[in-house]
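Remarks on the structure that follows.
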Amino acid sequence: MEFWKRSHLCGDLRLPDKTSRVTLSGWVRRRRDHGGVIFIDLCDRTGLTQVVFSPEAGTEAHLTAQELRSEFVVAVRGAVRPRPEGTVNPKIATGEIEVFADGLQIINPSLPPPFPIEDEEDLQEEVRLRYRYLDLRRPAMLKNLHLRHRVAGRARRYLDEKGFWEIETPLLTKSTPEGARDYLVPSRVHPGKFYALPQSPQLFKQMLMVAGVDKYFQLARCLRDEDLRADRQPEHTQIDLEMSFVEPENIFEVVEGLVEVLFREFRGVEVTRPLRRMTYAEAMLGYGSDKPDLRFGLEIREVGEIFRESSFRVFRETLEAGGVIRGLAVPGGASLSLKQLEDLTGFCREAGAGGLLWILLKEGGALKSPIKKSLTEGELVRLREVFSCGEGDCLMLVADRPETAATVLGRLRLKLAADLKLIPKDRYEFLWVVDFPLLAYNEEEKRFEAVHHPFTSPHPEDLALLETDPARVRSRAYDLVLNGTELGGGSIRIHRQEVQQKVFSLLNIGPEEAQSRFGFLLEALRHGAPPHGGIALGLDRLLMLMAGLNSIRDVITFPKTQKAVCLTTGSPSEVDPAQLQDLHIAFVPPPGE
RNA sequence: GGGGGCGUAGCUCAAUUGGUUAGAGUACCGGACUGUCGAUCCGGGUGUUGCGGGUUCGAGUCCCGUCGUCCCCGCCA
């Protein structure tokens, strides 16, 4: 069927257009049938226009309009005219006009939608994902897609202007276990061999630096076969970049400029530069996290020194065993109930601590605390000093191993902020976390693991420690954090083959293994690799935060569920046995089936 | 792998201590209506209470198992 070509979009028309004739097409969002006169709201991605069908304008169109239902696709012809006195709708952009229709074409009818196509609907995500094309048709979702388009485009333009080349790297690549689980693709031509889908373009972009590309970027799809979260999908998109002959400062400069432009142009927010810097050690001590949320206080303090002489056995024994006493002050927390404090204590136990010690500083100087008897006046004075707190506040202390105290208080801090509603809206607190340790010891496997990845350069000042005390070696890795979310991470890479070998050996990757897995990289490093480094920013997380959302699924067109299923298409699914045969694959059911 | 929440009409939800024929709003269907914009008015319930088993005179409700979905821990170089 020949359909009428539209002359305008549904959100376009304004009062000055009143004399013109137009053709609009779109979806019938709502029909208001008054018998003699019928109104419809006609929608497309630009907005909504009211169309009026009256026998006076076109009897046939009016007759056909009676058949219209929600989400029919139609074309409408008519005159744009100002709305009659008193019927202007100030709630919509086109509210001063309407289209007085003399022609109507039903291009495609629609089944009744399973849910109304509007933003206010509070729907189960399962339903949204099953009919994702309808969910995406909602204005708020189309807005998210539009933001994504504009941010991606602006990032491209920004990086282009900074001299970066956009370069693609393979999707079918080599499996490099260590790190996340790979998605594997069997090779038909090479029985028993597999490609891996990339977890990141890491090694390719490093080789591009060896090639002399100098400045590379890519909006790279990255795949990891790990469990999902609200901010983690099996596939996500990174703004991935790499530069040659650079120090961390050069990377910071580029990235800060990028977020500055994006937040200014799309959020109207001025980012204060340079962004705050914090070492990993400071972050863990003060916030109990390597991605501190700086939108609120509740900073963690070390108070072991105050209790050096404490009569409280738990404090004394913890300190003697090399543990720490840390805590935070909750402003106004003295009004917390015993029940709330018990719940918080339970929360800390589940997080791994022995317990939570609280001290309520009541009005009039009174104390309430399970350790009231052990507390001296001198200790209290110093606690008030350290936490700058006083009457009406509550102190919460944890005595434990340093790592445990950090993570428990870090989680407690986030919980308190959420429970007590201490997190301000529309605040964007960026920071760089720097000086990550290079290695972390894995107790279960009795070996070191790379904290960032195995290609991260050790801190130049700590090179000697590689031999003597690997655990204390800092790396030249950095994370960009926004509001407690890791937006991205990167590092200066190792560009010397012998340093790379050394790090491999610390990671328990022997020469043969290094050769078989990363031989191509080692070889590249020996062919004139320049000093280089880069970063990858999670585009989905960035958009989620820019749009004020709680899940990256809302900025991804067809996301997977927590079990990594696509409810729209039903993937993953079984395949034809012939396909498996082609790939030399046999299915072995898991035990018990 | 573990902990927690949810699962009743197309959608969002209700249903007393385990009690009779599982309701409401909305959507949908039929009718009326010439200025609505969440149109209104009249009429209509369209259901495998996720699935399987158990307890009971009787199960949406209790128990066991299972499936799905969401949040978190582990995991995510």
Side-chain angles (χ1 to χ4, degrees), chain A residues 29-42 48-57 62 66 69-71 83-92 94-95 98 100 111-131 134-135 176-182 199-200 202-203 222-234 236 346-347 350-352 407 411 414-415 418 436 438-440 442 444 448-456 475 477 486 489 491 503-504 507 509 517-518 536 538 550-551 553 559-565 567:
Chain A
R29 191 87 346 134
R30 254 198 191 89
R31 177 183 56 114
R32 295 178 290 280
D33 186 346
H34 289 241
V37 61
I38 297 171
F39 303 93
I40 63 165
D41 293 339
L42 191 64
L48 170 168
T49 294
Q50 171 163 283
V51 179
V52 189
F53 296 95
S54 163
E56 293 150 30
H62 178 258
Q66 293 175 3
R69 295 293 182 272
S70 289
E71 302 307 317
R83 292 191 179 192
E85 192 72 30
T87 63
V88 167
N89 185 348
K91 284 185 275 186
I92 58 174
T94 60
E98 63 190 11
F100 202 55
L111 290 172
F115 49 82
I117 311 301
E118 60 190 30
D119 292 341
E120 292 72 25
E121 270 318 288
D122 201 5
L123 301 167
Q124 287 185 39
E125 209 165 338
E126 201 172 342
V127 180
R128 295 175 55 197
L129 293 178
R130 176 136 31 240
Y131 302 96
L134 296 179
D135 184 42
T176 56
E178 173 120 6
R181 207 171 284 119
D182 286 319
Q199 298 178 26
S200 93
Q202 182 60 34
L203 297 179
C222 301
L223 298 105
R224 295 173 188 181
D225 187 3
E226 295 292 346
D227 288 343
L228 285 72
R229 288 283 193 286
D231 61 355
R232 276 169 21 194
Q233 282 276 307
H236 73 286
F347 176 83
E350 274 170 42
T407 58
R411 277 197 223 164
L414 293 178
K415 180 179 169 59
F436 278 81
L438 184 71
L439 306 166
N442 183 325
E444 282 173 27
F448 282 108
E449 287 177 342
V451 167
H452 185 54
H453 59 51
F455 321 108
T456 299
S475 73
E486 180 191 331
S491 63
V503 171
F504 280 154
L507 294 170
I509 301 173
R517 283 168 58 188
F518 304 112
N550 296 318
S551 161
R553 293 187 299 275
K560 304 282 191 289
T561 69
Q562 200 165 37
K563 283 254 175 85
V565 166
L567 292 180

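The analysis underlying the following values was restricted to heavy atoms, covering all of them including side chains, and did not include hydrogens, waters or symmetry mates. The structure presented is a predicted model; accordingly, all values stated were derived computationally and were not measured.
- In terms of the side-chain contact (heavy atoms from CB on, under 4.5 Å) criterion, A:P90 has no residue partners (sequence neighbours excluded).
- Not a single donor-acceptor contact under 3.5 angstrom links the side-chain atoms of A:D41 to the base of B:rC37.
- The base of B:rC76 is paired with the side chain of A:R232 by a donor and an acceptor separated by under 3.5 Å.
- Expressed to the nearest 0.5 Å, how far CD of A:E98 lies from CZ of A:R83 amounts to 6.0 Å.
- More than 12 non-hydrogen atoms from other residues, nucleotides or ligands lie less than 6.0 angstrom from CG of A:D119.
- With distances taken from any side-chain atom of A:R69 to the nucleotides B:rU34, B:rA77, B:rC29, the minimum falls on B:rC29.
- Base contact: A:S200 has a heavy atom under 4.0 Å from a base atom.
- Within 4.0 Å of A:R553, counting heavy atoms only, lie sugar-phosphate atoms of the nucleic acid but no base atom.
- Side chain of A:H34 to backbone of A:F39: no donor-acceptor contact under 3.5 angstrom is found.
- Rounded to whole Å, the distance from CG on A:L228 to P on B:rC71 is 9 Å.
- One can find a donor-acceptor pair under 3.5 Å joining the base of B:rC37 and the side-chain atoms of A:R83.
- Checked against B:rG35, B:rG74, B:rC28, the side chain of A:F39 finds its nearest nucleotide in B:rG35.
- With hydrogens and angles left out, the side chain of A:E98 and the base of B:rG35 share a donor-acceptor pair within 3.5 Å.
- B:rU46 and B:rA22 have their C1' atoms separated by 14 Å, with the value rounded to a whole Å.
- A:R130 has its CZ atom 10 Å from the C1' atom of B:rU69, to the nearest Å.
- Side-chain contact annotation: A:Q199 with A:D182, donor-acceptor N/O pair under 3.5 Å present.
- Considering only side-chain N and O atoms, A:K91 lies under 4.0 angstrom from the phosphate OP1 or OP2 of B:rG38.
- Atom CZ of A:R31 and atom P of B:rU40 are 13 Å apart (whole Å).
- For the residue pair A:Q50 / A:R32, a side-chain donor-acceptor distance below 3.5 Å is found, with atom types taken as modelled.
- Rounded to whole angstrom, the span from the CD1 atom of A:I117 across to the C1' atom of B:rU26 amounts to 14 Å.
- Nucleotide B:rU36 holds its P atom 13 Å from the CD atom of A:E85, rounded to whole Å.
- Every side-chain hydrogen bond (donor to acceptor under 3.5 Å, both in side chains) that A:R128 has, sequence neighbours left out, goes to A:D135, A:D554.
- Nucleotide B:rC28 holds its C1' atom 15 Å from the CZ atom of A:R30, rounded to whole Å.
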Whether each nucleotide of nucleotides 1-13 of chain B has a protein heavy atom under 4.0 Å at its base (B), only at its sugar-phosphate (S) or at neither (-) is summarised, 5' to 3', as B--------SSS-

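- When the P atom of B:rU34 is taken as reference, atom NE2 of A:H34 falls 10 Å away, rounded to whole Å.
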